[in-house]
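Numbering of ligands and ligand atoms starts at 1, following listing order.
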Amino acid sequence: MKKIITYGTFDLLHHGHILLLRRARELGDHLTVALSTDEFNAGKGKQSFFPYEQRELILQAIRYVDEIIPEYSWEQKTEDIIRLGIDTFVIGNDWIGKFDFLKAHCNVVYLERTNNISSSHIRQHYQQT
Ligand code: C2G
């Protein structure tokens with residue numbers, strides 16, 4: 001079984017996220033999403049609109065997602081990949097090059113981000129209405 005992993009906040013889920021998850025899942029047979037915890041996001045200087053439990057519940061309903069684990073630190077990726085027997089790490093190309101060190105343990109794939117959609121734009125629009 002070819003196992004894929006990706007990491008992210010997945011707040012205010014939109015088609016950009018769905019296209020990322022679908023393409024990631026299509027690279028193998030099983031997709032694990034490491035979902036940023038609220039505490040980890042605070043460290044990223046990000047506060048999601050929805051708390052972790054709600055973002056997790058929404059992701060659980062997505063057909064491309066087979067497993068969800070918490071992302072609580074920048075340093076956990078290598079240990080996740082080894083522990084879970086991951087073949088390929090996938091993330092959007094806004095991170096291009098940032099995770100090449102993982103090539104020592106698995107394939108690393110940066111996928112094209114979907115243009116003209118982001119959680120922050122949705123929030124800004126929501127706050128204006
Ligand atoms: N994404 C995308 N197109 C968009 C928006 C997001 O392809 N229009 C992708 C991102 O590239 C990422 C995933 O969807 O691969 C989740 O995006 P975020 O929730 O914004 O994740 P991020 O805050 O980048 O956290 O350790 C890595 C971090 O946790 C990634």
Region of L20 engaging ligand 1 - heavy atom pairs below 4.0 Å: side chain
Those atoms of ligand 1 less than 4.0 Å from some heavy atom in I117: 4 (C), 8 (N)
Shortest protein contact, atom 19 (O) of ligand 1 (heavy atom only): F10 N, 2.8 Å
Reference residue F89; test ring-ring contact (aromatic ring centres under 6.0 Å, His included); the match among Y7, F101, W95, Y110: Y7
Donor-acceptor under 3.5 Å (R23 side chain, L19 main chain): yes
Side-chain (D29) to main-chain (K2) donor-acceptor, under 3.5 angstrom: yes
L21-V109 co-clustered via ILVMFWY side chain contacts under 4.5 Å: yes
Main-chain N/O of S73 paired with Q76 side-chain donor or acceptor, under 3.5 Å: yes
Closest approach of any protein heavy atom to atom 6 (C) of ligand 1, naming residue and atom: R113 NH1, 3.6 Å
Numbered atoms of ligand 1 (with element) below 4.0 Å of K77, judged on heavy atoms: 26 (O), 27 (C)
Nearest protein heavy atom with distance in Å, relative to atom 22 (P) of ligand 1: K46 NZ, 3.8 Å
S118 N/O to ligand 1 N/O under 3.5 Å: no
Check: T9 side chain, D11 main-chain N or O, donor-acceptor pair, under 3.5 Å: no
Identity and separation of the nearest protein heavy atom to atom 28 (C) of ligand 1: K44 NZ, 3.6 Å
Donor + acceptor pair across side chains of K3, T32 (<3.5 Å): no
Test side-chain contact (heavy atoms from CB on, under 4.5 Å) applied to L31 and T6, step by step: CA-CA 8 Å; L31 174 62; T6 192; 4.2 Å; yes
Nitrogen or oxygen of N93 less than 3.5 angstrom from that of ligand 1: no
Hydrophobic cluster membership, F50 vs L13, 4.5 Å side-chain cutoff: no
S36 to ligand 1, any heavy atom closer than 4.0 Å: yes
Selection residues 66-77 - residue pairs positive for salt bridge (charged side-chain N to carboxylate O under 4.0 Å, His left out), sequence neighbours left out: R25-D66, E71-K77
Ligand 1 atoms in contact with T9 (distance to a heavy atom under 4.0 Å): 18 (P), 19 (O), 21 (O), 23 (O)
Per-atom contacts of ligand 1 with H14, taking only distances under 4.0 Å to non-hydrogen atoms: 4 (C), 5 (C), 8 (N)
Distance from atom 14 (O) of ligand 1 to nearest protein heavy atom, with residue and atom: H17 CD2, 3.6 Å
Atom 3 (N) of ligand 1 [closest protein heavy-atom partner, distance rounded to 0.1 Å]: T114 N, 3.2 Å
Close-contact set for ligand 1 against G92 heavy atoms, below 4.0 Å: 11 (O), 15 (O)
R55 and D38: CA distance, side-chain angles, deciding distance, salt bridge (Lys or Arg N to Asp or Glu O under 4.0 Å) verdict: CA-CA 10 Å; R55 290 184 283 118; D38 298 332; 2.7 Å; yes
Proximal ligand 1 atoms for I91, defined as those under 4.0 Å from one of its heavy atoms: 15 (O), 27 (C)
Option set W95, F99, F40, criterion heavy-atom distance to atom 24 (O) of ligand 1, minimum: W95
Residue pair D94, R113: steps toward the salt bridge (Lys or Arg N to Asp or Glu O under 4.0 Å) verdict: CA-CA 7 Å; D94 44 323; R113 258 178 86 90; 2.9 Å; yes
Ligand-side contact atoms (ligand 1) for residue partner W74, heavy atom cut-off under 4.0 Å: 26 (O), 27 (C)
Atom 26 (O) of ligand 1: nearest protein contact (heavy atom, Å): E71 OE2, 2.6 Å
Part of D94 within contact of ligand 1 (heavy atoms, under 4.0 Å): side chain
